[in-house]
K.L.:
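Quick one: this structure, given as structure tokens, is what I'll be asking you about.
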Protein chains: 2
Amino acid sequence: MSRNTGTQPRLDPDKIVASALRIADAEGLGAITIRRLAQEHGVTPMALYRHFRDKDDLLDALAARLLADVDLPEASAEPWDRQMRGILAACLDAIRPHPTVAGLLPTRVLLSEPGLTLVERTLALLAEAGFPPEQATEVGSQALCSLVTLVTTEPGATESTDPQTRDDAIRAKRSALSALAPQRYPHVVAAADALTLCTDRDTYYELGVEFALAGIRGISAQSRPRR
Amino acid sequence: MSRNTGTQPRLDPDKIVASALRIADAEGLGAITIRRLAQEHGVTPMALYRHFRDKDDLLDALAARLLADVDLPEASAEPWDRQMRGILAACLDAIRPHPTVAGLLPTRVLLSEPGLTLVERTLALLAEAGFPPEQATEVGSQALCSLVTLVTTEPGATESTDPQTRDDAIRAKRSALSALAPQRYPHVVAAADALTLCTDRDTYYELGVEFALAGIRGISAQSRPRR
DNA sequence: ACCTGAACACCGTTCAAGT
DNA sequence: ACCTGAACACCGTTCAAGT
């Protein structure tokens with residue numbers, strides 16, 4: 001039987017974080033505001049400070065919320081690089097739906113339980129693959145970060161919610177590139193489409209994962225005798 | 001002979017950007033403020049709006065300032081991957097001194113002349129290496145972005161200027177990691193040092209460049225017949 | 001323990017005006 | 001063309017108080 005401590009809290013930190021996530025997905029990270037969150041929950045701004053030390057603490061919690069969505073595959077007998085691909089894919093699945101929030105992760109993975117679990121699994125796998133500890137930490141970090149980059153810089157990504165504004169922005173960017181002097185920037189002009197819009201998202205992300213994986217494999221091969 | 005247009009401007013946009021760069025290097029990106037820049041130049045905040053559309057426009061100029069520092073090596077007869085390494089190294093040299101500003105680049109490379117030149121050179125090289133245009137744009141972008149990640153997430157990097165505060169923050173982080181349950185997070189605990197501090201910066205960055213390079217090479221090998 | 005109210009020290013930016 | 005002055009609509013956060 002749980003004893004009632006008198007006044008039960010009216011505010012649920014998890015619901016605050018959920019609101020923050022919804023706001024960021026719709027209007028970008030910058031739209032997250034203590035005052036706005038307070039208003040949405042029918043409470044004074046200062047009420048939030050009972051549950052979060054400050055705004056940065058709230059953003060830490062938001063990052064933790066994303067990391068909790070990572071559905072890590074079980075360790076298996078597969079070769080290490082295939083397992084690594086599975087981990088990267090799981091991370092990608094978790095962050096793709098929240099492109100503006102993803103940028104919070106790189107500096108915050110070590111601050112939450114799900115983040116630590118992810119790092120532990122990654123380091124274990126890379127150790128198994130033969131990486132010395134320092135290389136494992138750097139290579140693992142770089143691979144994870146490259147997924148974040150993939151999401152935050154996906155051609156056509158914008159902070160704006162309105163699809164009309166978004167399309168206009170993309171069109172403007174593309175025509176700006178197309179209008180460049182073709183004798184000076186031939187490849188840029190030719191790639192104007194690819195630089196501004198992601199025609200096939202799945203191919204884009206698959207290639208991104210392979211890039212990170214190839215980076216890890218390359219370092220691995222390098223640090224061992226060649227023949 | 002240049003005719004005087006009457007009142008010559010008292011404000012030099014380049015000097016504003018230089019101030020912004022100095023402020024960011026010392027106190028982080030967040031310390032850049034229209035009002036503060038105005039004050040440093042003995043002028044009303046609104047005076048800046050004659051030279052920059054808004055704050056974002058000023059940040060675009062700041063990013064362009066960094067990109068202008070990239071000292072691109074001449075094209076040569078070297079193999080493409082060695083030339084690519086040269087480009088990456090040149091970029092790294094330009095952004096390492098400005099870790100907090102580096103994060104502005106990924107979304108702004110295509111907005112300035114130096115950025116466009118960099119992208120043009122990269123795309124040309126990757127085309128020469130046999131990459132189809134879409135792959136070249138994505139792989140090139142990822143490689144460049146990975147350098148930014150390297151700089152912005154260098155273990156031990158902080159926004160704070162005070163070395164005392166910085167050391168304290170690092171120490172706190174490390175002991176937090178060391179205090180974790182070793183049976184649950186054995187690799188994290190073992191790597192507590194490497195995760196919080198960069199013992200050898202040059203090795204760190206060399207490995208980072210090789211990671212990006214290996215990523216590119218790996219994709220290249222993949223998209224061609226194996227034997 | 002949990003929330004309120006008022007206040008402080010900031011922001012970016014618009015608008016109308018001066019020279 | 002270039003800068004000023006006053007104002008608007010915001011921020012995060014401290015401090016003292018209420019229940």
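Order of the sequence lines sets the chain letters (A, B, ...), proteins ahead of strands, with each chain counted from 1. A quick note: this is a predicted structure, and the numbers were derived from the prediction, not measured.
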K.L.:
Quick one: is C:dG12 close enough that its OP1 or OP2 comes under 4.0 Å of any side-chain N or O from B:Thr33?
P.N.:
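Yes, such a contact exists.
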K.L.:
Using atom CD1 of A:Ile34 as one end and atom C1' of C:dC10 as the other, report the distance to the nearest whole Å.
P.N.:
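Taking atom C1' of C:dC10 as the reference, CD1 of A:Ile34 is at 16 Å.
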K.L.:
Just to be sure I follow the notation: if a pair is Watson-Crick (purine N1 to pyrimidine N3 plus N6-O4 or O6-N4) or a G-U wobble (N1-O2 and O6-N3), each under 3.5 Å, what dot-bracket string does DNA chain D give, with | for pairs to another strand?
P.N.:
||.|||||...|||||.||
K.L.:
Other residues, nucleotides and ligands only: do more than 12 of their heavy atoms fall within 6.0 Å of CD on B:Glu113?
P.N.:
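Atom CD in B:Glu113 is crowded, with more than 12 foreign heavy atoms closer than 6.0 Å.
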K.L.:
Give me the distance, rounded to whole Å, that separates D:dA9 from C:dA9 when you measure between the P atoms they each carry.
P.N.:
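Looking at atom P only, D:dA9 and C:dA9 are 22 Å apart.
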K.L.:
Could you state the atom-to-atom distance from CZ of B:Arg35 to P of C:dT14 in whole Å?
P.N.:
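Nearest whole value for this atom pair: 13 Å.
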K.L.:
How long is the line joining CE of A:Met46 and P of D:dG12, in whole Å?
P.N.:
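A:Met46 atom CE is separated from D:dG12 atom P by 12 Å.
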K.L.:
OP1 or OP2 of C:dC3 sitting under 4.0 Å from any side-chain N/O of A:His51?
P.N.:
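For A:His51, the contact criterion (side-chain N or O under 4.0 Å from OP1 or OP2 of C:dC3) is met.
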K.L.:
Donor-acceptor pair, B:Arg166 side chain versus B:Gly156 backbone, under 3.5 Å?
P.N.:
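Indeed, once roles are kept as given, a pair shorter than 3.5 Å links the two residues.
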K.L.:
Would you find a donor on one side and an acceptor on the other, under 3.5 Å apart, between the side chain of B:Arg121 and the backbone of B:Pro73?
P.N.:
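Indeed, once roles are kept as given, a pair shorter than 3.5 Å links the two residues.
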K.L.:
Between the side chain of A:Tyr205 and the main-chain N/O of A:Asp93, is any donor-acceptor distance below 3.5 Å?
P.N.:
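No; judged by distance alone, with no hydrogens or angles, the pair does not exist.
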K.L.:
Salt bridge or not for B:Arg96 and B:Asp202, using N-O below 4.0 Å?
P.N.:
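Yes, charged N to carboxylate O under 4.0 Å.
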K.L.:
Does D:dT14 have its OP1 or OP2 closer than 4.0 Å to a side-chain nitrogen or oxygen of A:Tyr49?
P.N.:
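Result: no.
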K.L.:
Atom CG of A:Asp54 and atom P of D:dT13: how far apart are they, to the nearest Å?
P.N.:
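A:Asp54 atom CG is separated from D:dT13 atom P by 5 Å.
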K.L.:
Write down the distance between CD1 (A:Ile32) and C1' (D:dC11), rounded to a whole number of angstrom.
P.N.:
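From A:Ile32 CD1 to D:dC11 C1': 14 Å.
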K.L.:
To the nearest Å, how far apart are A:Arg50 CZ and D:dG12 P?
P.N.:
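After rounding, the reported distance stands at 18 Å.
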K.L.:
Donor-acceptor pair, B:Ser175 side chain versus B:Arg171 backbone, under 3.5 Å?
P.N.:
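Confirmed, B:Ser175 side chain pairs with B:Arg171 backbone.
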K.L.:
Report the distance from atom CZ of A:Arg36 to atom C1' of D:dC11, rounded to the nearest whole Å.
P.N.:
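Computing the A:Arg36:CZ to D:dC11:C1' distance gives 14 Å.
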K.L.:
Between atom CZ in A:Phe52 and atom C1' in C:dC3, what is the gap in whole Å?
P.N.:
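Rounding to the nearest Å, CZ of A:Phe52 and C1' of C:dC3 are 15 Å apart.
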K.L.:
Has the side chain of A:Lys173 got a donor or acceptor atom that lies under 3.5 Å from a matching backbone atom of A:Leu195?
P.N.:
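The answer is no, because no donor-acceptor pair under 3.5 Å joins these two groups.
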